[in-house]
Amino acid sequence: MLLRIHTEPSERGASYDTLLRVARATEDLGFDALFRSDHYLQFGGHGRTPGPSDAWVTLAGLARDTRRIRLGTLVSPATFRSPGQLAIQVAQVDGMSGGRVELGLGAGWFEGEHQAYAMPFPGKRFDRLEEQLRIIRGLWTTPGDQRFDFTGEHFTLTGAQPTLPPVQRPHPPVIVGGTGAVRTPALAAAYADEYNAAFVTPEQAAVQYGRIREALAENGRGEDAMRFSVIQSVCVGRNDAEIARRAEAAGEELPDTAFRGTPAQVAEQIARFAEAGAERAYLRLLDLDDLDHLDLIASEVLPHFAS
């Protein structure tokens with residue numbers, strides 16, 4: 001089980017310097033990766049500062065300011081950027097990082113965020129997501145001396161020049177999530193390298209992983225073609241008082257499914273997802289100024305999963 005750190009700048013606001021401190025701590029402490037959400041509007045109307053930051057601008061900076069950890073989004077909404085634009089951005093950041101980038105892509109859901117920043121919030125978002133995945137993979141894998149054409153219901157590309165060749169071949173890993181029983185497994189089996197179960201119980205994750213495996217078989221892909229992961233908020237403390245302090249700081253943003261407790265308790269909770277089939281756990285940090293929290297997880301949770 002690989003432990004990865006996930007940040008949610010949209011919840012509290014975070015400058016690049018703050019995210020860089022977290023990224024460097026993530027790297028120095030031995031975690032596998034640092035991911036971030038891709039949102040422009042804070043949830044809950046907190047109005048905290050600093051304001052919105054762009055996920056792929058952030059990751060471009062981290063690509064140059066870190067050395068080892070993998071970097072990515074959980075998840076970029078397909079409604080935020082055109083598929084061609086996103087394919088170019090991710091391929092460029094992959095090159096800047098020396099091949100450490102992963103793309104989590106979702107259909108988009110927060111209508112108020114789109115209205116706030118004059119971004120269209122179209123219908124048939126799942127259909128648009130499928131076309132976007134096809135286009136991105138096509139632009140990444142088309143030889144540089146050729147052109148890429150695509151005609152779909154929502155997007156048409158004519159004579160598109162392929163992106164800078166990504167360092168990772170055939171392309172950076174693509175992550176798809178969701179809890180749908182039919183379309184999500186089919187989409188993941190067709191286009192994804194990793195499936196992520198978000199804020200679920202181990203039992204719910206096991207059911208969804210089973211659906212993905214069935215869809216992989218129907219698509220002619222083996223189970224080894226897919227990585228299975230989970231994302232949960234995390235709240236770890238050495239004693240009840242420390243756990244309560246971090247839970248209070250997180251407030252309503254700490255869901256019931258969170259990894260919560262002492263290091264031993266949290267390690268056991270993560271292990272239940274490993275038993276359900278997860279190979280990677282994204283630990284969602286809410287207070288990005290609490291680097292002691294990250295250090296505690298590294299020193300007393302991470303060793304349980306060292307290979």
**Student:** With a 4.5 Å heavy-atom cut-off, do Asp65 and Tyr16 have their side chains touching?
**Tutor:** yes

**Student:** Checking the side chain of Glu102 only, and the main-chain atoms of Arg70 only, is there a donor and an acceptor separated by less than 3.5 Å?
**Tutor:** no

**Student:** Kindly determine whether Phe35 and Ile175 satisfy side-chain contact (heavy atoms from CB on, under 4.5 Å), including the steps that lead there.
**Tutor:** CA-CA 12 Å; Phe35 276 57; Ile175 306 169; 3.7 Å; yes

**Student:** Ignoring hydrogens and geometry, is there a side-chain-to-backbone donor-acceptor pair from Arg227 to Asp224 under 3.5 Å?
**Tutor:** yes

**Student:** Under a 4.5 Å cut-off applied to non-hydrogen side-chain atoms, are Val75 and Asp38 in contact?
**Tutor:** no

**Student:** Evaluate whether atom CG of Asp240 has more than 12 neighbouring non-hydrogen atoms of other residues, nucleotides or ligands under 6.0 angstrom away.
**Tutor:** no

**Student:** Given side chains that start at C-beta, do those of Trp56 and Ser76 come closer than 4.5 Å, heavy atoms only?
**Tutor:** yes

**Student:** Start with the C-alpha distance between Asp94 and Arg169, add both sets of side-chain angles, then the distance that settles salt bridge (Lys or Arg N to Asp or Glu O under 4.0 Å), and finish with yes or no.
**Tutor:** CA-CA 11 Å; Asp94 192 52; Arg169 306 306 293 169; over 6 Å; no

**Student:** Output yes when a side-chain donor or acceptor of Ser233 lies under 3.5 Å from a complementary backbone atom of Leu285, and no otherwise.
**Tutor:** no

**Student:** Could you see if Ile231 belongs to whatever hydrophobic cluster contains Tyr195? Use Ile, Leu, Val, Met, Phe, Trp, Tyr and a side-chain cutoff under 4.5 Å.
**Tutor:** no

**Student:** Mind checking whether Ile88 and Leu157 sit in one hydrophobic cluster, side chains of I, L, V, M, F, W, Y counted as touching below 4.5 Å?
**Tutor:** no

**Student:** Do Leu139 and Phe80 share a hydrophobic cluster (ILVMFWY, side-chain heavy atoms under 4.5 Å, transitive)?
**Tutor:** no

**Student:** Do Asp193 side-chain atoms and Val174 backbone N/O form a donor-acceptor pair below 3.5 Å?
**Tutor:** yes

**Student:** Which residue in the set Leu103, Leu105, Ile136, Leu59 passes side-chain contact (heavy atoms from CB on, under 4.5 Å) when paired with Val90?
**Tutor:** Leu103

**Student:** How many angstroms lie between atom OH of Tyr282 and atom CG of Leu2, to the nearest 0.5 angstrom?
**Tutor:** 9.0 Å

**Student:** Please determine if Arg213 forms a cation-pi arrangement with Phe228, meaning its NZ or CZ atom is less than 6.0 Å from the six-membered ring centre and no more than 45° off the ring axis.
**Tutor:** yes

**Student:** Do Val236 and Ile243 sit in one hydrophobic cluster, given that two such residues count as connected whenever their side-chain heavy atoms are within less than 4.5 Å of each other, even indirectly?
**Tutor:** no

**Student:** So, do Arg137 and Tyr191 sit near enough that their side-chain heavy atoms are less than 4.5 Å apart?
**Tutor:** yes

**Student:** Between atom CZ of Arg245 and atom SG of Cys235, what is the distance when rounded to the nearest 0.5 Å?
**Tutor:** 9.0 Å

**Student:** Would you check if Leu294 and Leu29 make a side-chain contact, meaning some heavy-atom pair closer than 4.5 Å?
**Tutor:** yes

**Student:** For the pair Arg183 and Glu130, evaluate side-chain contact (heavy atoms from CB on, under 4.5 Å) and give the outcome as yes or no after the intermediate values.
**Tutor:** CA-CA 10 Å; Arg183 295 200 67 184; Glu130 181 170 7; 4.3 Å; yes

**Student:** Taking the side chain as every heavy atom from C-beta outward, state whether Gln265 and Phe259 have any pair of such atoms under 4.5 Å apart.
**Tutor:** no

**Student:** Tell me if a side-chain donor or acceptor on Glu300 pairs with a main-chain N or O of Pro263 at a distance below 3.5 Å.
**Tutor:** no

**Student:** I'd like to know if the side chain of Glu8 reaches the main chain of Leu286, judged simply by a donor and an acceptor atom lying under 3.5 Å from each other, with no hydrogens or angles considered.
**Tutor:** no

**Student:** For a quick test of reading the model, state the closest non-hydrogen atom pair linking Leu74 to Asn196 and the distance between them.
**Tutor:** CD1-ND2, 4.2 Å

**Student:** Any donor-acceptor pair under 3.5 Å linking the side chain of Glu131 with the backbone of His154?
**Tutor:** yes

**Student:** If you round to the nearest 0.5 Å, how far is OG1 of Thr179 from CZ of Phe199?
**Tutor:** 12.0 Å

**Student:** Going through the checks in order, is the side-chain contact (heavy atoms from CB on, under 4.5 Å) test met by Val230 and Tyr209?
**Tutor:** CA-CA 10 Å; Val230 63; Tyr209 295 157; 4.0 Å; yes

**Student:** Once rounded to the nearest 0.5 Å, what's the spacing between atom OG1 of Thr79 and atom CD of Glu113?
**Tutor:** 8.0 Å

**Student:** If you draw a 6.0 Å radius around CD in Glu248, do more than 12 non-hydrogen atoms from other residues or ligands fall strictly inside?
**Tutor:** no

**Student:** Do Thr66 and Arg100 pair up side chain to side chain, a donor and an acceptor below 3.5 Å, judged on atom types alone?
**Tutor:** yes

**Student:** Any side-chain donor paired with an acceptor under 3.5 Å for Gln269 and Arg272?
**Tutor:** no

**Student:** Do side-chain atoms of Gln132 reach the backbone of Arg81 as a donor and acceptor pair under 3.5 angstrom?
**Tutor:** yes

**Student:** Report yes if some heavy atom in the side chain of Leu187 is under 4.5 Å from a heavy atom in the side chain of Phe126; otherwise report no.
**Tutor:** yes

**Student:** Surrounding CD of Glu279 (heavy atoms of other residues, nucleotides or ligands, distance under 6.0 Å), is the total greater than 12?
**Tutor:** yes

**Student:** Is there side-chain contact between Pro162 and Arg147, with at least one heavy-atom pair below 4.5 Å?
**Tutor:** yes

**Student:** Looking at every heavy atom in both Thr26 and Arg68, which two are closest together, and how far apart are they?
**Tutor:** O-NH2, 3.9 Å

**Student:** Sub-3.5 Å donor-acceptor pair from the side chain of Gln232 to the main-chain atoms of Val200, do we have one?
**Tutor:** yes

**Student:** For Pro170, does its backbone N or O pair with a side-chain atom of Trp140 as donor and acceptor, under 3.5 Å?
**Tutor:** no

**Student:** Which atom names give the shortest non-hydrogen contact between Ala23 and Leu34, and what distance separates them?
**Tutor:** CB-CD2, 3.5 Å

**Student:** Supply the atom-to-atom distance Asn219 CG to Glu214 CD, rounded to the nearest 0.5 angstrom.
**Tutor:** 13.5 Å

**Student:** Testing the basics here: between Phe110 and Leu41, what is the closest heavy-atom pair and its distance to 0.1 Å?
**Tutor:** CZ-CD2, 3.9 Å

**Student:** Does the pair Ser53 and Arg36 meet the rule for a side-chain hydrogen bond (donor to acceptor under 3.5 Å, both in side chains), with working shown?
**Tutor:** CA-CA 11 Å; Ser53 61; Arg36 63 157 289 172; 3.0 Å; yes

**Student:** What closest approach, in Å, do Pro172 and Val101 show between heavy atoms, and which atom pair accounts for it?
**Tutor:** CB-O, 3.5 Å

**Student:** Would a hydrophobic clustering, with Ile, Leu, Val, Met, Phe, Trp and Tyr connected at side-chain separations under 4.5 Å, put Met96 with Leu71?
**Tutor:** no

**Student:** Roughly how far, to the nearest 0.5 Å, is the CZ atom of Arg246 from the CG atom of Leu296?
**Tutor:** 6.0 Å

**Student:** Test side-chain contact (heavy atoms from CB on, under 4.5 Å) on Ile270 and Leu3 and set out the steps.
**Tutor:** CA-CA 9 Å; Ile270 296 172; Leu3 298 192; 4.2 Å; yes

**Student:** If I compare all heavy atoms of Ala189 with all of Arg221, which pair ends up nearest, and what's the gap?
**Tutor:** O-NH1, 2.6 Å

